[in-house]
Amino acid sequence: AEMPIIGEDLLNRFDAGDLVKYCAEDMVKVKTGIILDTYTIPLSERRFPHADIYVIGEGRTETVLLGNLTIISKVSN
């Protein structure tokens, strides 16, 4: 049986190239970045949608749960 995806609709909402913001681990700082890729990660019998984000101003990539992201602007198709 396929593992259920938690927040499957999120995978349709976010695209590579979208400009997003999210809270850093300290829950205070807000980071801004560009989605490089979206995919699911299996955790305890479920799959959770994540994104690789290029963090603007830090010059590095982070993996973030899609549910934690807010879209600032959509990539134009």
Side-chain angles (χ1 to χ4, degrees):
E2 290 236 351
M3 282 196 280
I5 296 174
I6 307 305
E8 191 164 11
D9 57 313
L10 292 172
L11 285 170
N12 302 323
R13 199 180 309 164
F14 292 94
D15 297 291
D18 288 353
L19 185 65
V20 293
K21 66 180 180 180
Y22 60 99
C23 270
E25 288 79 11
D26 62 10
M27 289 307 186
V28 177
K29 189 175 168 213
V30 175
K31 298 188 178 192
T32 305
I34 296 166
I35 294 179
L36 302 175
D37 192 20
T38 59
Y39 51 90
T40 60
I41 296 177
L43 295 166
S44 64
E45 307 302 311
R46 297 180 177 89
R47 301 184 69 82
F48 289 84
H50 285 71
D52 287 338
I53 311 265
Y54 175 78
V55 186
I56 294 170
E58 294 186 14
R60 65 192 190 90
T61 304
E62 274 187 354
T63 302
V64 183
L65 261 168
L66 284 192
N68 294 343
L69 300 176
T70 302
I71 295 174
I72 298 173
S73 72
K74 290 289 298 170
V75 65
S76 52
N77 291 333

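No hydrogens, no waters, no symmetry mates; every other heavy atom, side chains included, goes into these values.
- Scanning all heavy atoms of the two residues, the minimum distance from Ile53 to Tyr22 falls at CG2-CE2, 4.0 Å.
- Within the model, atoms OG1 of Thr38 and CG of Leu66 stand 6.0 Å from one another, a figure rounded to the nearest 0.5 Å.
- Taken to the nearest 0.5 Å, the NZ atom of Lys21 stands 11.5 Å off from the CG atom of Leu69.
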side-chain contact (heavy atoms from CB on, under 4.5 Å) between Val64 and Val20, worked out: CA-CA 11 Å; Val64 183; Val20 293; over 6 Å; no

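- With rounding to the nearest 0.5 Å, the separation of CG in Leu10 from CG in Asn68 is 10.0 Å.
- Considering every non-hydrogen atom in both Met3 and Glu45, the closest pair reads SD-C, 3.5 Å.
- With sequence neighbours excluded, the residues that form a salt bridge (charged side-chain N to carboxylate O under 4.0 Å, His left out) with Glu62 are Lys31, Arg60.
- By the salt bridge (charged side-chain N to carboxylate O under 4.0 Å, His left out) test, Asp9 is found to be paired with Arg13, residues two or more places apart in sequence or in another chain being considered.
- Leu65 approaches Pro49 most closely through the heavy-atom pair CD2-O, 3.5 Å.
- Follow the hydrophobic side-chain contacts under 4.5 Å out from Leu11 and you never reach Ile34; the two are in separate clusters.
- For the salt bridge (charged side-chain N to carboxylate O under 4.0 Å, His left out) test, residues two or more places apart in sequence or in another chain that qualify with Lys74 are Asp15, Asp18.
- Counting all heavy atoms, side chain and backbone alike, Val75 lies closest to Ala16 at CG1-O, 3.6 Å.
- Distance check: Thr40 OG1 to His50 NE2 gives 9.5 Å after rounding to the nearest 0.5 Å.
- Rounding to the nearest 0.5 Å gives a distance of 6.0 Å between CG of Asp52 and CG of Leu36.
- Here the CD1 atom belonging to Ile35 is positioned 6.0 Å from the CZ atom belonging to Phe14, to the nearest 0.5 angstrom.
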